[in-house]
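In this text the structure is predicted, and so the values were computed from the model without any measurement. All ligand and atom numbering here is 1-based and tracks the order in the structure.
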Amino acid sequence: MPRRFSFTQFASSPAYRELNRGFVERVIRGRGITSAVDLGCEAGAVTELIAECLPERATIIGIDPSAPALKTAERNLRRFDHLVTRFLRGSAEEVSQLVREPVDAVFFCNAIHLVKDKVRVVQEISRILKPGGVFAFNSAFFQGAEPQETLPFYRAWMFKALRCLRQRHGLAPRREKAAARIGLTADEYRQILEEAGFVSPDLEIAKVDLPLQTCLALTQFEGFIQGVLPGVPLRIGWKVLQETVRQTFEELNMRVLPRNWLLAIAVKK
Ligand SMILES: C[S@@+](CC[C@H](N)C(=O)[O-])C[C@H]1O[C@@H](n2cnc3c(N)ncnc32)[C@H](O)[C@@H]1O
């Protein structure tokens, strides 16, 4: 049973799984990886994709600040009994204190935009990698994630959501910007990687089409509701975002919402 306002519904959508599966396979293929850390593993959606690519007796360590998410991840990964799996509670900012043995690969999927001090986190990740080890992250929250032609969609959606919140619930979100909404550009990420000792980082942008069902699943994620409507109770925020995203798709006669995903792969010197 998925947790009510978790990421699980969005992470199970075909568009999300396909993008992350392709990314994980590309990172692991041909690199002889036998140890990996999945930072910000949540309930293990990407951890499972990594596990599917690893050879017998390889080690995979899932790390997340959320204890309930880790519990679910541990349960979801039980079927990989040919691997050594470990789950640790903690955050990216202190990962070098959690992982003492350097590993071949660190994944930080769909989460790096949530951290405030990205320079510190990339340096921490470098510390737990072997020389020649690979750091891979992806994110749909960076400067450039919203294709120009989708800006009217976001404006219309937010206008409707704020109006519905005010008229129906007498509420307004707090005036604050979540870390995810202060996105870096791909070039800023490249610079952070190079300064932390990664060579020739490979940064690519993939366009993904999100159907309405996938957008509806995203409106159920606590982090998304709080990022878009800070301070609004989750249940109300979810209902408002769900209703208004439907209306906006319909009004603009859309079948899918295109979104850019930044995919980054960098090797430690
Ligand atoms: C959107 S989910 C992504 C889950 C998974 N990596 C995926 O791609 O499906 C973001 C996860 O990052 C975790 N997170 C948030 N801040 C973090 C931090 N500072 N260090 C590590 N993980 C963090 C959250 O608890 C959450 O589980």
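For ligand 1 and Ala111, the ligand atoms under 4.0 Å from any heavy atom of the residue are 10 (C), 12 (O). Shown in contact with Val115 at under 4.0 Å from a heavy atom are these atoms of ligand 1, numbered in order with element: 18 (C), 19 (N). Taking every non-hydrogen atom of Val46 and a distance limit under 4.0 Å, the qualifying atoms of ligand 1 come out as 7 (C), 8 (O), 9 (O). Listed by number with element, the atoms of ligand 1 under 4.0 angstrom from any heavy atom of Cys109 are 3 (C), 5 (C), 6 (N), 7 (C), 8 (O). Atoms of ligand 1 lying under 4.0 Å from at least one heavy atom of Glu42, given by number and element, are 4 (C), 26 (C), 27 (O). In the vicinity of Tyr16, heavy-atom distances shorter than 4.0 Å reach the ligand 1 atoms 7 (C), 8 (O), 9 (O).
Below 30°, between 30° and 60°, or above 60°: for Tyr189 and Phe137 the angle between ring planes is between 30° and 60°, a tilted geometry. In this structure, Phe23 and Phe107 have perpendicular ring planes: the angle between them is above 60°, well past the 30° mark.
Both cation-pi conditions hold for Arg259 and Phe141: the charged atom is under 6.0 angstrom from the six-membered ring centre and inside a 45 degree cone around its axis.
Considering backbone and side-chain atoms together, Ala92 places an N or O closer than 3.5 Å to an N or O of ligand 1. Ligand 1 has an N or O atom lying under 3.5 Å from an N or O atom of Gly40, backbone or side chain. Residue Asp64 has at least one N or O atom closer than 3.5 Å to an N or O atom of ligand 1. Close N/O approach between Glu93 and ligand 1 is found [any backbone or side-chain N/O within under 3.5 Å].
Between Glu101 and Arg86 no salt bridge is recorded (no basic side-chain N to carboxylate O distance below 4.0 Å). Residues Lys160 and Glu251 are paired through a salt bridge, judged by an N-O separation under 4.0 Å between the basic side chain and the carboxylate. Salt-bridge check for Glu48 with Arg79: passed, with a basic side-chain N closer than 4.0 Å to an acidic carboxylate O.
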Check your understanding: Between Arg21 and Glu52, is a salt bridge (charged side-chain N to carboxylate O under 4.0 Å, His left out) present by the stated rule, with each step listed?
Key -> CA-CA 10 Å; Arg21 184 186 296 281; Glu52 281 166 10; 2.8 Å; yes
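At a 4.0 Å heavy-atom cut-off, ligand 1 touches Asn110 through backbone and side chain alike.
For atom 17 (C) of ligand 1, the closest non-hydrogen atom on the protein side is Pro65 CG, 3.9 Å. For atom 15 (C) of ligand 1, the closest non-hydrogen atom on the protein side is Leu114 CD1, 3.8 Å.
Applying the side chain to side chain donor-acceptor pair (under 3.5 Å) definition to pairs two or more places apart or across chains, those involving residues 121-137 are Ser96-Glu124, Asp104-Lys130, Glu124-Arg127.
With sequence neighbours left out, Phe153 forms a ring-ring contact (aromatic ring centres under 6.0 Å, His included) with Trp157, Phe249.
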